[in-house]
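Worksheet: one structure, shown below.
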Amino acid sequence: MSKVLIVAEHDGITLNASTAKCVTCAHAIPGAEITVAVCAADASAVATQAARLQNVTNVVKLENPANVHALAAVIAPQIAAIAGPFTHVFGPSTTFGKDLMPRVAALLDTAQISDVMAVESATRFRRPIYAGNSILTVEVDVGTKVVATVRAASFEAAAAGGSAAIESVAAGASLPTHTRFVTVSAAKSDRPDLQTAKRVISGGRALGSAENFNILYKLADRLGAAVGASRAAVDAGYAPNDLQVGQTGKIIAPELYIAVGISGAIQHLTGIKDARTIVAINKDSEAPIFEVADYGLVGDLFTILPELETLLGK
Ligand SMILES: Cc1cc2nc3c(=O)[nH]c(=O)nc-3n(C[C@H](O)[C@H](O)[C@H](O)COP(=O)(O)OP(=O)(O)OC[C@H]3O[C@@H](n4cnc5c(N)ncnc54)[C@H](O)[C@@H]3O)c2cc1C
């Protein structure tokens with residue numbers, strides 16, 4: 001039987017939605033028994049949320065003052081120390097998981113499967129390569145522990161309704177001293193998180209300045225949306241790089257994606273492949289974004305956006 005250990009992503013208070021998506025992925029493995037590991041200084045609140053996810057059997061709390069900040073170098077040895085009985089160890093393909101899981105794989109002396117987008121069996125998985133242009137099927141030797149990151153955009157979050165058992169475990173791993181927390185500098189925003197937002201409005205090079213991005217921020221607030229950006233807009237300094245959507249930015253799957261003045265380069269499209277409805281605003285009717293858009297508005301964004309704002313204001 002498959003026993004899957006999922007490393008919870010959280011901020012010490014709230015479980016990140018990416019964990020519930022890992023649960024859905026793990027549940028696709030026939031007969032999988034799912035355990036969620038919560039590493040924290042005080043894991044109680046997050047463990048309670050994880051225990052409520054459907055199809056989770058156990059939640060283990062790894063409590064240690066060193067876990068107050070989610071440092072991959074500190075968490076990895078603890079996960080590796082408890083991974084023995086598990087056939088699979090999963091983490092989300094977010095910044096947190098991409099930092100952590102290769103370390104876990106290395107400590108377990110195995111290779112990592114990155115960006116699992118579909119499960120074919122306990123040992124066969126599909127993942128995108130070449131910016132999503134090809135899908136690779138990878139097979140792990142039977143008996144090899146599977147360490148993987150799960151492409152959150154490819155799975156729905158597991159619903160609430162479970163009642164898993166919660167227990168505390170002592171990892172007993174010796175923790176490294178070479179890495180320590182110094183400071184965190186994160187953009188503070190009242191807008192929804194780009195990676196989990198249901199609606200996202202993104203701007204491209206055509207916005208022309210950081211000042212003009214304010215038009216998008218205003219619209220986003222009206223729509224209850226997160227703001228994203230193309231790499232060209234980020235490189236030009238119009239938007240901070242944590243807003244970048246695409247192959248080298250964030251992979252997102254909102255219900256609504258509005259691309260404003262974005263051409264639709266393949267590296268950008270790979271980040272929005274799983275968006276449910278795509279709206280494109282572009283003055284060039286031949287722009288590749290229109291090939292993937294469900295709705296297209298051909299015209300100057302500086303005319304269309306104020307009109308949209310007026311409409312929403314009514
Ligand atoms: C290895 C690699 C990784 C990359 N990763 C990413 C990534 O993660 N994310 C990403 O986005 N890109 C990425 N890129 C860059 C990508 O190839 C494109 O260069 C980039 O996406 C283009 O951004 P853009 O659409 O904003 O700009 P452009 O391609 O310059 O497009 C601007 C668009 O705006 C339209 N426009 C101009 N003025 C107006 C107006 N007034 N009103 C309406 N429309 C207007 C134009 O018709 C055009 O279609 C990557 C490239 C490489 C090589």
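Both ligands and their constituent atoms are indexed starting at 1 by order of listing.
- Atom 19 (O) of ligand 1 is not flagged as protein-proximal [any protein heavy atom, distance under 4.0 Å].
- Under 4.0 Å from ligand 1, the heavy atoms of Ala265 that appear belong solely to its side chain.
- Of all heavy-atom pairs spanning Gly161 and Gln54, the tightest one is C-CG, 4.2 Å.
- Under the 4.0 Å criterion applied to side-chain N and carboxylate O atoms, Glu167 and Lys61 are not assigned as salt-bridge partners.
- With a heavy-atom cut-off of 4.0 Å, Thr270 does not touch ligand 1 at all.
- Thr303 and Glu307 share no side-chain donor-acceptor pair at under 3.5 Å.
- Taking the six-membered ring where the residue is Trp, Phe90 and His88 present perpendicular rings, their angle passing 60° and hence far from 30°.
- Distances from atom 32 (C) of ligand 1 to the heavy atoms of Pro288, Gly261, Ser285, Ala229 put Gly261 nearest.
- Any N or O atom pair closer than 3.5 Å counts here, and Ala233 shares no such pair with ligand 1.
- The existence of a salt bridge linking Arg151 and Asp274 is confirmed by a sub-4.0 Å separation between a basic side-chain nitrogen and an acidic carboxylate oxygen.
- For the residue pair Gln244 / Ser230, no side-chain donor-acceptor distance below 3.5 Å is found, with atom types taken as modelled.
- Counting heavy atoms only, Gln267 comes closest to atom 52 (C) of ligand 1 of the residues Arg205, Gln267, Gln244.
- The distance criterion of under 3.5 Å between nitrogen or oxygen atoms is not met by Phe302 with respect to ligand 1.
- Ligand 1 has a nitrogen or oxygen under 3.5 angstrom from a nitrogen or oxygen of Leu301.
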